[in-house]
Amino acid sequence: MEGEPIFPRRADHGARILVVDDDALSRRSVRAMLERGYYQVETAEGGEEALALLSTYQPELVLLDIQMPGMDGLEVCRRIRELPNGDLLPIIFLTADERPDVHSLAFRAKGDDFLRKPVLQGELIVRIRSLMRLKRLQAEVQEERDSLLDLQKQREQLFHFIVHDLKNPLSAIQMGLELMDGEEDRSPTSKAHLRRLRDTAQAMGRMIQDILDIGRAEQIGLDLRRTRVPLDTWIPGLIKEVEAQAQSRDHRLAWGCPADLAVEADPAFLRRVLLNLLDNALKYSPSGSQTRIEAIPCGNGVRLEVRDQGEGIPEPMREQIFGKFVRLEEGGPGARSGSGLGLAFCQLVAEAHGGRIWVEDNLPRGSAFVLELPYAGVPSP
Ligand code: ADP
């Protein structure tokens, strides 16, 4: 019967639809079809009016004629897509345009669907329904994604607060250990225990700092303070820092560097990279072996190599170990402690300097970590 609703009631009924068409007859007939499908309808005679209605009427779908005087439908569609969340508004082109390339024009303007006039009521309603359902699902997925990202951010912040708060108790422990080490009446065994505790606390401190720096670097980048680092005097100082640790494992340290070789770098970050690499060399090599640091001029930069005689890194893992939390051994009773963050930190520092880091075989045994830094620092972004 004329005027009777012909579709059963559904979730999207009552949704607001904006019909944009310069032809009054066409507007009237589309309005009638939509109202029979339980939709609310507003109409606009042209592009400018349609854009103005977006904020006041807030349509949930737009039916858009293409050929209109002034701003045509393609331009209206492009402008809607540029608005915040404009890509979520379903747009169907409804046109009598006979140009052969009109479909591709419509999809290039980022329309969602296309119907030729004269349009059949059944087809129009079915297309609207499926498009609205699709967009609703898309909006739901986006909402869930946003809330997951929020949650992840909150968890990361909490993680960083906790790690940051570990710094104070750890420095209290380190200070206590220093004081105890200074007491003269200690037995050699007790001194050895103390040294091991000090090494462990130091490694923990580095791990905490790595976690904090990686977090900060991912958010705002590393704040580098570059100066000229004279490597031939700097490397021996670095070796001194790990000498006690190496001796306690019966590990020999050696180095080589041409006189006057220097690099433009942040000495504090460079020191931590090398300490991470040396710590790993000691941790993953048998006692009685040797690790060698070598500085070599190359092309327009410097290579710093840390070569150990340890277990080496299998070829398929050589890139992956620079990822966060990647470790080659499972945790377990015999496993060596570690966070899997040291090398991720080293890579961040290398890249912030415009350089790179990788690992290769140290023949005949072990691995060679190579840090390559340009003399003149980072290329401009
Ligand atoms: P961590 O040592 O805290 O686990 P790293 O990011 O420094 O984390 O290293 C990642 C993994 O790479 C280590 O767990 C280890 O399995 C492997 N690795 C790193 N350095 C060496 C090395 N010199 N020799 C053998 N394996 C190494």
Side-chain angles (χ1 to χ4, degrees), residues 159-160 162-163 166-167 170 196 199-218 222 235 238-239 241-243 245-246 248-255 269-295 303-352 355-372:
F159 178 67
H160 276 91
I162 293 171
V163 174
L166 286 175
K167 273 168 92 174
L170 185 64
R196 206 162 309 130
D199 289 350
T200 313
Q202 243 173 27
M204 219 168 135
R206 279 205 292 276
M207 204 189 288
I208 288 175
Q209 204 52 51
D210 285 350
I211 293 174
L212 294 174
D213 281 332
I214 288 174
R216 198 174 320 132
E218 281 175 347
L222 288 178
I235 295 175
L238 189 83
I239 297 231
E241 287 195 54
V242 280
E243 228 160 37
Q245 196 184 340
S248 69
R249 292 170 200 233
D250 192 19
H251 199 108
R252 280 165 294 124
L253 294 172
W255 66 281
F269 280 123
L270 193 59
R271 171 182 163 270
R272 284 178 43 207
V273 169
L274 267 299
L275 287 180
N276 259 314
L277 296 179
L278 285 171
D279 192 44
N280 281 349
L282 296 180
K283 206 161 48 170
Y284 301 109
S285 306
S287 67
S289 63
Q290 173 180 289
T291 293
R292 184 173 174 83
I293 303 184
E294 196 80 50
R303 269 187 185 192
L304 283 160
E305 300 178 350
V306 178
R307 297 185 168 271
D308 65 43
Q309 297 172 331
E311 51 215 63
I313 316 259
E315 174 75 48
M317 292 305 291
R318 289 188 189 167
E319 265 187 41
Q320 291 182 41
I321 52 165
F322 291 94
K324 280 195 290 183
F325 304 113
V326 178
R327 307 200 68 220
L328 296 189
E329 58 188 12
E330 303 282 320
R336 287 152 294 194
S337 67
S339 60
L341 284 169
L343 292 177
F345 171 77
C346 294
Q347 190 168 45
L348 269 174
V349 175
E351 285 170 2
R356 58 196 184 109
I357 185 168
W358 69 91
V359 62
E360 50 192 43
D361 279 329
N362 178 40
L363 295 172
R365 180 187 160 82
S367 31
F369 282 85
V370 186
L371 171 68
E372 196 174 81

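In listed order, ligands and their atoms are each counted from 1.
The closest approach between any non-hydrogen atom of D308 and ligand 1 is below 4.0 Å. The shortest separation from a heavy atom of K283 to ligand 1 is under 4.0 Å, placing the residue in contact. Ligand 1 is approached by G340 to a heavy-atom distance shorter than 4.0 Å. Ligand 1 lies out of reach of F322, whose nearest heavy atom is not under 4.0 Å from it.
Protein heavy atom nearest atom 4 (O) of ligand 1, with residue, atom name and distance: R327 NE, 2.5 Å. Remark: minimum distance from atom 18 (N) of ligand 1 to any protein heavy atom is reached at I313 CD1, 3.6 Å. For atom 9 (O) of ligand 1, the closest non-hydrogen atom on the protein side is L343 CD1, 3.5 Å. The closest protein non-hydrogen atom to atom 25 (C) of ligand 1 is Y284 CB, 3.6 Å. Distance from atom 3 (O) of ligand 1 to its nearest protein heavy atom, with residue and atom name: S339 N, 2.8 Å.
In summary, the atoms of ligand 1 found under 4.0 Å from a heavy atom of S367, numbered by their order in the structure, are 22 (C), 23 (N), 24 (N). Residue-ligand proximity, L328 to ligand 1, at heavy-atom distances under 4.0 Å covers atoms 14 (O), 16 (O). Which parts of ligand 1 touch L341 is read off a 4.0 Å heavy-atom cut-off, strictly below it: atoms 6 (O), 8 (O). Residue V326 has at least one heavy-atom neighbour below 4.0 Å for each of these atoms of ligand 1: 10 (C), 11 (C).
Side-chain atoms of Q309 do not come within 3.5 Å of backbone N or O of G366 as any donor-acceptor pair. Remark: the backbone N or O of I313 is paired with a side-chain donor or acceptor of R318 at under 3.5 angstrom. The backbone N or O of S285 lies less than 3.5 Å from no partner atom in the side chain of S289, so there is not a single donor-acceptor pair.
To the nearest 0.5 Å, atoms CD1 (I208) and CG (D213) are separated by 12.0 Å.
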What's the verdict on side-chain contact (heavy atoms from CB on, under 4.5 Å) for I211 and H160, showing C-alpha distance, side-chain angles and the deciding distance?
CA-CA 8 Å; I211 293 174; H160 276 91; 4.2 Å; yes

With side-chain contact (heavy atoms from CB on, under 4.5 Å) as the criterion, how do R206 and L275 come out once you've worked through the C-alpha distance, each side chain's angles and the decisive distance to 0.1 Å?
CA-CA 9 Å; R206 279 205 292 276; L275 287 180; 4.2 Å; yes

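Taking distance alone, with nitrogen or oxygen atoms compared against 3.5 Å, I321 stays at or beyond that limit from ligand 1. For the pair N280 and ligand 1, the shortest N or O to N or O distance falls below 3.5 Å.
When the side-chain hydrogen bond (donor to acceptor under 3.5 Å, both in side chains) test is applied to Q245, the partners found at least two apart in sequence or on another chain are D279. Looking at residues two or more places apart in sequence or on another chain, you find a side-chain hydrogen bond (donor to acceptor under 3.5 Å, both in side chains) between E241 and R271.
The side-chain heavy atoms of W358 and L371, taken from C-beta on, include no pair separated by under 4.5 Å.
For the residue pair D308 and N362, no side-chain donor N or O sits within less than 3.5 Å of a side-chain acceptor on the partner.
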